[in-house]
Amino acid sequence: RGWEKKALNIAFLGSPILTLGLPFVTKDPAAIWGANLVLLVGCYAYGYLSYSEEQEVGGFSGVLRWLDFGSGQERGMRASQREALRNNDAKDAAGQPDREEQKVK
């Protein structure tokens, strides 16, 4: 969660606006693609140059948080569930029984 997250948040909102709005200005697909590329590079430059270490970049709030594909929550898995799954996978790889197996024994 740093400058890159900040840049991608801005690009996430700006790219659809450009993609839907520019066909009213020009019908050239290369120009629309180039404008999206310029937006992305500009967002990265802005995020990198305006970020400070003390600053915590948050995600979207409200309805937009469900569209933020970097959160993992659009697939129904919360962060705590994901961590529990990773811990169980790590235990399985190490050959340690999980709590359910210990209760049976």
Side-chain angles (χ1 to χ4, degrees):
R1 291 200 172 234
W3 66 271
E4 187 175 16
K5 176 70 173 165
K6 182 177 184 178
L8 290 175
N9 281 345
I10 298 167
F12 178 78
L13 295 175
S15 183
I17 293 170
L18 277 180
T19 303
L20 295 174
L22 280 179
F24 293 106
V25 177
T26 180
K27 301 294 183 199
D28 183 22
I32 297 170
W33 187 89
N36 274 304
L37 180 63
V38 168
L39 173 74
L40 182 65
V41 170
C43 288
Y44 267 90
Y46 172 75
Y48 183 75
L49 296 174
S50 68
Y51 180 73
S52 64
E53 290 295 324
E54 306 86 41
Q55 185 179 9
E56 178 71 24
V57 177
F60 294 117
S61 62
V63 176
L64 289 176
R65 70 182 169 158
W66 288 298
L67 297 175
D68 187 8
F69 295 111
S71 67
Q73 295 178 3
E74 72 280 356
R75 293 176 296 279
M77 186 178 288
R78 302 279 183 227
S80 59
Q81 293 170 324
R82 188 174 50 246
E83 289 302 317
L85 181 64
R86 286 182 185 161
N87 289 338
N88 284 339
D89 289 345
K91 286 179 185 177
D92 289 343
Q96 298 175 352
D98 60 2
R99 290 184 184 149
E100 296 296 323
E101 291 176 2
Q102 290 175 355
K103 288 179 185 178
V104 173
K105 291 181 181 180

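Index from 1, following the sequence. Computation of the quantities below employed the complete heavy-atom set of this structure, encompassing side-chain atoms and omitting hydrogens, waters and symmetry-equivalent molecules.
Follow the hydrophobic side-chain contacts under 4.5 Å out from F24 and you never reach I32; the two are in separate clusters. Residues L22 and L39 fall within the same hydrophobic cluster, defined by Ile, Leu, Val, Met, Phe, Trp and Tyr side chains chained together at heavy-atom separations under 4.5 Å. One hydrophobic cluster, built from ILVMFWY side chains closer than 4.5 Å, holds both V25 and L18. Linking Ile, Leu, Val, Met, Phe, Trp and Tyr residues whenever their side-chain heavy atoms come within less than 4.5 Å leaves V38 and L49 in two separate clusters.
Counting all heavy atoms, side chain and backbone alike, K6 lies closest to S50 at NZ-OG, 2.9 Å. Nearest heavy atom pair, residue A11 against residue P16, reads O-CD, 4.2 Å.
For the pair N9/L13, no side-chain contact is recorded, criterion being any heavy-atom separation below 4.5 Å from C-beta on.
Counting non-hydrogen atoms of neighbouring residues, nucleotides and ligands closer than 6.0 angstrom, the OH atom of Y46 reaches no more than 12 such neighbours.
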